[in-house]
Amino acid sequence: MELIAGGSWRYVFRAPLRSVLAARWYSQYPKLDDIAAEDIAAVRRFREKFTRDAIPHKNFTTTFHRSGGAGGQNVNKVSTKVYMRFTLAEQSWIPAYVQQRMRDIDSSRINSRGEYLVVSEKTRTQRQNIEDCLDKLWQHIDR
């Protein structure tokens, strides 16, 4: 409501900021007709070959920290939370178009050094949290 000359009120409709930002975000991606046929074929080939087991996680930096939440004394003694990080630009097994999409969609996962970070504290063991990190990474790449 706004007060206008003469002392009366009028209702002014304003679109929510979220819808305006969402419209801009979606408009930056090319339409399927604008992408070259060889790029589409390359994407299909990559998706056919790519599996979760193909992720070379031995090259990643993995650190363990104490996890929060329930768990009693186990939480205070065992570091089960997993931080798995890698420099996105150095990963030759991820195609450039997938890297660019990961930078666009998951920009909050990339730190100032260009490292892509995946975190898991889902379970109470390090091994299962590493597997969960790999599952998350596979889902982010395969989108």
Side-chain angles (χ1 to χ4, degrees), residues 1-4 8-143:
M1 304 273 293
E2 286 183 349
L3 180 63
I4 58 173
S8 61
W9 292 88
R10 77 173 173 186
Y11 181 75
V12 178
F13 175 76
R14 289 188 173 88
L17 182 61
R18 181 188 294 168
S19 65
V20 173
L21 293 176
R24 272 192 227 139
W25 184 73
Y26 285 115
S27 64
Q28 72 181 348
Y29 291 101
K31 295 182 176 133
L32 194 57
D33 299 336
D34 298 336
I35 301 173
E38 57 269 7
D39 290 339
I40 293 173
V43 170
R44 287 190 181 129
R45 282 194 306 273
F46 173 72
R47 291 190 121 188
E48 288 171 3
K49 290 190 306 183
F50 182 68
T51 63
R52 183 194 166 285
D53 298 329
I55 297 174
H57 63 89
K58 301 290 184 192
N59 300 335
F60 299 166
T61 303
T62 305
T63 56
F64 304 100
H65 301 275
R66 290 203 177 124
S67 183
Q73 292 300 314
N74 190 52
V75 171
N76 300 328
K77 293 188 285 187
V78 182
S79 298
T80 58
K81 184 175 185 178
V82 175
Y83 283 89
M84 189 176 284
R85 65 183 74 221
F86 59 92
T87 307
L88 190 58
E90 294 176 359
Q91 304 304 316
S92 60
W93 58 275
I94 303 175
Y97 53 86
V98 176
Q99 287 184 12
Q100 184 60 44
R101 188 174 38 77
M102 289 172 74
R103 278 188 210 96
D104 292 343
I105 294 174
D106 297 331
S107 60
S108 62
R109 292 182 177 272
I110 300 174
N111 64 17
S112 61
R113 293 182 298 224
E115 294 176 332
Y116 192 87
L117 178 66
V118 184
V119 180
S120 177
E121 57 179 335
K122 186 177 181 181
T123 66
R124 294 176 62 181
T125 65
Q126 289 180 353
R127 186 70 231 161
Q128 289 176 336
N129 283 335
I130 289 173
E131 295 296 324
D132 187 48
C133 281
L134 292 173
D135 288 339
K136 287 179 181 180
L137 178 60
W138 180 70
Q139 291 169 357
H140 293 173
I141 292 172
D142 198 40
R143 278 191 245 167

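Source: prediction; values computed, not measured. FYI, side chains are in, hydrogens and waters are out, and symmetry mates aren't considered; it's all heavy atoms of this structure.
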* Are side-chain heavy atoms of I94 and I141 found at a separation under 4.5 Å? -> yes

* **Which residues share a ring-ring contact (aromatic ring centres under 6.0 Å, His included) with F86, sequence neighbours left out** => F60, Y116

* Could I get the full list of side-chain contact (heavy atoms from CB on, under 4.5 Å) partners for S120, not counting sequence neighbours? => K122, N129, D132, C133, K136

* **ring-ring contact (aromatic ring centres under 6.0 Å, His included) partners for H57, two or more places apart** => none

* Answer yes or no: is there a side-chain heavy-atom contact under 4.5 Å between T80 and T123? => no

* Would you mind reporting whether R113 and T87 have side-chain heavy atoms less than 4.5 Å apart? => no

* To do: May I ask you to test the Y83-T61 pair for a side-chain heavy-atom distance under 4.5 Å?
  => no

* Can you find a heavy atom in the side chain of R66 that is under 4.5 Å from one in the side chain of S79? -> yes

* Heavy-atom donor-acceptor pair, Q99 side chain to Q91 backbone, under 3.5 Å -> yes

* To do: Please list, chain by chain and in numerical order, all residues satisfying side-chain contact (heavy atoms from CB on, under 4.5 Å) with R52, sequence neighbours excluded.
  => E131, L134, D135, W138

* **R85: partners by salt bridge (charged side-chain N to carboxylate O under 4.0 Å, His left out), with sequence neighbours left out** => E115

* **With R103 via salt bridge (charged side-chain N to carboxylate O under 4.0 Å, His left out) - residues at least two apart** => none

* To do: Please examine the side chains of F64 and I130, heavy atoms only from C-beta on, and report whether any two atoms are closer than 4.5 Å.
  => yes

* Check against side chain to side chain contact (heavy atoms under 4.5 Å, CB included), L137 and R109 -> CA-CA 11 Å; L137 178 60; R109 292 182 177 272; over 6 Å; no

